[in-house]
Amino acid sequence: MSWTRSARAVLAFSLLVLLHYTIRPFLGWRTPVDFLVIAVLLSAVRVRPGAAALIGFCTGLVADSLTPSAFGAGALAMTAVGATASWLKAVFFADNVVLHGFFFFVGKWAFDIVYVTAERRMHGVELATQILLWSPLSAAATAVAGVVLLLMLRPVLEPQAA
Amino acid sequence: MARAVRSGTRVDTVLLVACCVMALLATVLPLNLREAIAGGLRRTVVAPLVSLQEQAVRGRSAFLSRDATTSRLDSVALRNMQLAKLETENERLRALLGLGRELQWGFVSAEALRIADIGEEHSRTLTVGSRVGVEPKTPVVAPEGLVGMVRTVDPNSSIAILWSHSDFAASAMSADRSAYGIVYPHLSESGRDAEIPPERYLMEMRGVAFRSALKPGTLIVTSGLGGVYPAGIPIGTVLGELRTSEGWARTYLVRPAVRPTDVSNVIVLLPKRIQGQSLERVWRSATSADSAARHIAAAGDSIARRAAADSVRAAEAAAARRAADSVSGQPVPPAATKPAAADTARRPQGRADTTRPAPRRPDAPRPGAQR
């Protein structure tokens, strides 16, 4: 990956992190859009699995710093999601919007499952409701937002050759 | 090449395992250690993001509370408007009370209800009728001056025309009696060389002798001629002269003392009160309708002050009586512990109120008010 492409990817990543800490709390939805997962997924498909794991770990640690009671859970979930996305990136080489949406959906859902499991705060019905109801809804919102952002950021992430 | 790929894969695996181990370790760290690491991150790397998040949350709260704030502002504004309306109404009622005190007898107070029918905007339904002595052609007044005249009477209500009604006419004069004429509503400027633009809610005083020139601001009152309106009720003030084709008399444009929109509570002068009697004393020593209204309002205030003083005197007398009883050691009867009402305290002392027509509230029923 050239320096220009790396800089553009970093720019897009930073933009998504900013959105996560501005748009998300402003909207305040019960099923929030997770811009951090989108950022990690978009980065992961452009780097090797080890780097993707590291990006996920750092991003998760930043997110965990605001939730000390679940410290480490986000880092673990982001590491897993980032590394897996990087290994599976061949699947998503196809330039298909629906496939990308599915990619974001699965990524966010997997993140939530790992997160709530590692957090060990929810049990029984509450855990099931979170994993089977709220997480898929949040994943769907994230998928829609991810596809929209991907279409908007395409000129930045994949510039056309002059 | 294959070695490089294998090496890369090994590095990836090592990184992944290392990250996973560190993350798992973070989940099982003691709470104080976790808090220390998280706090360190929040104070350094994450600080700008925390600030952004706080501002976003604050923005959301402001956005959500916008409707509630708007609603609160609306209610406060509405209450403010209602308060202003209540203050105005209170002022008018006090002025009416003052007018009642000045008139002393021969009148009834009434509420003037606006008739909703089209074309009836210059009439009002009064809440008094023939049962209290109201008859057709009895004048209707307000603290500011003349309102109109009763046209039809039912037992419990009557209909009055305002001065703005096309059928209204009143014999009038200047307050210094230097000029006489007839006051009509100023309906149109047709056929006249108008210097002052037409205005529906103005009056005109016609038939003023050519030798009698009136200056703008001159107070016009009823003259008492014709037997409908007693002399001395303010009608309005002269605005200026109207040019007419009649060369032997002058016509003046008059600004009315009472605006039709302000007519809500009025006083109906009963026939007995107006027979040959001037009401100049009521609006006496007033050089304009405005100052007359202020004088009347002040009279209303004096009634309230007198009532307050009476109640204070009665309370003091009761307290003194109780103190005297307790000193003498006699038990105080329950009735004596109640503060004596002003009227009961006054009557045994033989005050002049019992020997002369007492000033009364305009809305109080009084047999003497009947014709």
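Since we're looking at a predicted model, the values are computed, not measured. Just so it is clear: chains get the letters A, B, ... in the order the sequence lines come, proteins before strands, and each one is counted from 1.
Tested against P25(A), the residues R58(B), E54(B), Q53(B), Q55(B) include a single side chain to side chain contact (heavy atoms under 4.5 Å, CB included) partner, Q53(B).
For CE of M152(A), the number of neighbouring non-hydrogen atoms (other residues, nucleotides, ligands) closer than 6.0 Å is 12 at most.
Here the closest heavy-atom approach between residue A51(A) and residue L15(B) is recorded as N-CD1, 4.1 Å. Between T9(B) and R48(A), the shortest heavy-atom contact is N-NH2, 3.6 Å. Between G50(A) and D12(B) the shortest heavy-atom distance is N-OD1, 3.0 Å. Pairing each heavy atom of A73(A) with each of T27(B), the nearest pair is N-CG2, 3.5 Å. Between Y21(A) and A56(B), the shortest heavy-atom distance links the atoms O-CB, 4.0 Å.
At a 4.5 Å heavy-atom cutoff, the contact between F57(A) and chain B is made by side-chain atoms alone. Contact of R120(A) with chain B is made through the side chain alone, with heavy-atom distances under 4.5 Å. L61(A) touches chain B through backbone and side chain together, each having a heavy atom under 4.5 Å away.
The choice from L29(B), L49(B), V57(B), V50(B) that makes the most heavy-atom pairs within less than 4.5 Å of chain A is L49(B). Between chain B and the options A75(A), A83(A), A53(A), G28(A), the largest number of non-hydrogen pairs under 4.5 Å is found for G28(A).
With values rounded to the nearest 0.5 angstrom, R34(B) atom CZ is found 13.5 Å from S65(A) atom OG. Here CG of L16(B) is found 7.5 Å from OG1 of T84(A). Values are rounded to the nearest 0.5 Å.
Between the side chain of R42(B) and the backbone N or O of L66(A), no donor-acceptor pair lies under 3.5 Å.
The side-chain heavy atoms of L76(A) and L24(B), taken from C-beta on, include a pair separated by under 4.5 Å.
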